[in-house]
Amino acid sequence: MTTAFVIALAATLGALFIGEVLGQMPCTLCWYQRIAMFPLVPILGLSIWRGDRLARVYALPFGIAGLALAAWHSGLYAGLLPAPVVPCTENGPSCSGPAQVILGLPIPYLSLAAFAAILACLILPRGTRA
């Protein structure tokens, strides 16, 4: 649960840094992914603080929704889906520009990796302690 919290916190702070400090407005699909990511920070953080596992029930729907959106966005970005990246250019900035690459990966792929890692942390069983 702690790893999922750290990933969600890093993704949230990264998104806020890109938007507020760098001044890059997110596209429509990025906004939707933020809606799924931002609540994970308080949900997982409170779960760690309280020492309960009940937050997993509340976090899973956000993680699944975010993963589905990130997979769709990544598929559009990669050209794997037949539609062009319309949400990225119709009403906002494009996620396909060179400024939208962080650590060598485009933002849609980073979001996909973050949601996949969070879900893995929530779903996979923890190791046994001796």
Q. Which is it for Leu40 and Leu9 under the side chain to side chain contact (heavy atoms under 4.5 Å, CB included) test, yes or no, and what are the steps along the way?
A. CA-CA 8 Å; Leu40 288 173; Leu9 182 63; over 6 Å; no
Q: In sequence, state the C-alpha distance, the side-chain angles, and the governing distance for Cys121 and Met1, and then conclude on side chain to side chain contact (heavy atoms under 4.5 Å, CB included).
A: CA-CA 6 Å; Cys121 291; Met1 193 78 66; over 6 Å; no
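- When hydrophobic clusters are built by joining Ile, Leu, Val, Met, Phe, Trp and Tyr residues whose side-chain heavy atoms come closer than 4.5 Å, directly or via intermediates, Leu60 is grouped together with Ile48.
- Side chain of Arg34 to backbone of Ala15: a donor-acceptor contact under 3.5 angstrom is found.
- Put simply, Ile18 and Leu13 are part of two different groups of oily side chains (I, L, V, M, F, W, Y) that touch within less than 4.5 Å, one to the next.
- Although no hydrogens or angles enter the test, the distance criterion places no donor-acceptor pair under 3.5 Å between the side chain of Ser47 and the main chain of Ile43.
- Hydrophobic clustering (side-chain heavy atoms under 4.5 Å, transitive across Ile, Leu, Val, Met, Phe, Trp, Tyr) keeps Leu110 apart from Ile7.
- Annotation: side chain to side chain contact (heavy atoms under 4.5 Å, CB included) contacts of Ile64 (sequence neighbours excluded): Leu119.
- Taking the side chain as every heavy atom from C-beta outward, Ile123 and Arg56 never approach each other to under 4.5 Å.
- Between Ala36 and Phe115 the shortest heavy-atom distance is CB-CZ, 3.9 Å.
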Q | Trace of the side chain to side chain contact (heavy atoms under 4.5 Å, CB included) decision for Leu44 with Leu122 | A | CA-CA 10 Å; Leu44 296 172; Leu122 294 175; 3.9 Å; yes
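- Cluster annotation: Leu54 is connected to Phe5 through the hydrophobic network of ILVMFWY side chains, with a link wherever side-chain heavy atoms come within less than 4.5 Å.
- Sorted by first and then second residue, the side chain to side chain donor-acceptor pair (under 3.5 Å) pairs with a member in residues 6-23 form an empty list; sequence neighbours excluded.
- Proximity of Leu16 to Phe38: side-chain heavy atoms (C-beta onward) are separated by under 4.5 Å at one or more points.
- Within the structure, side chain to side chain donor-acceptor pair (under 3.5 Å) contacts touching residues 105-117 (residues at least two apart or in different chains) are Gln33-Ser111.
- For the pair Cys30 and Ile107, the tightest heavy-atom approach, listed with the atom from each and the gap, is SG-CG2, 4.4 Å.
- If you take CG on Leu112 and CG on Leu69, they are separated by 11.0 Å, rounding to the nearest 0.5 Å.
- Cluster membership check: Tyr32 does not share its hydrophobic cluster with Phe62, using side-chain heavy-atom separations under 4.5 Å among Ile, Leu, Val, Met, Phe, Trp and Tyr.
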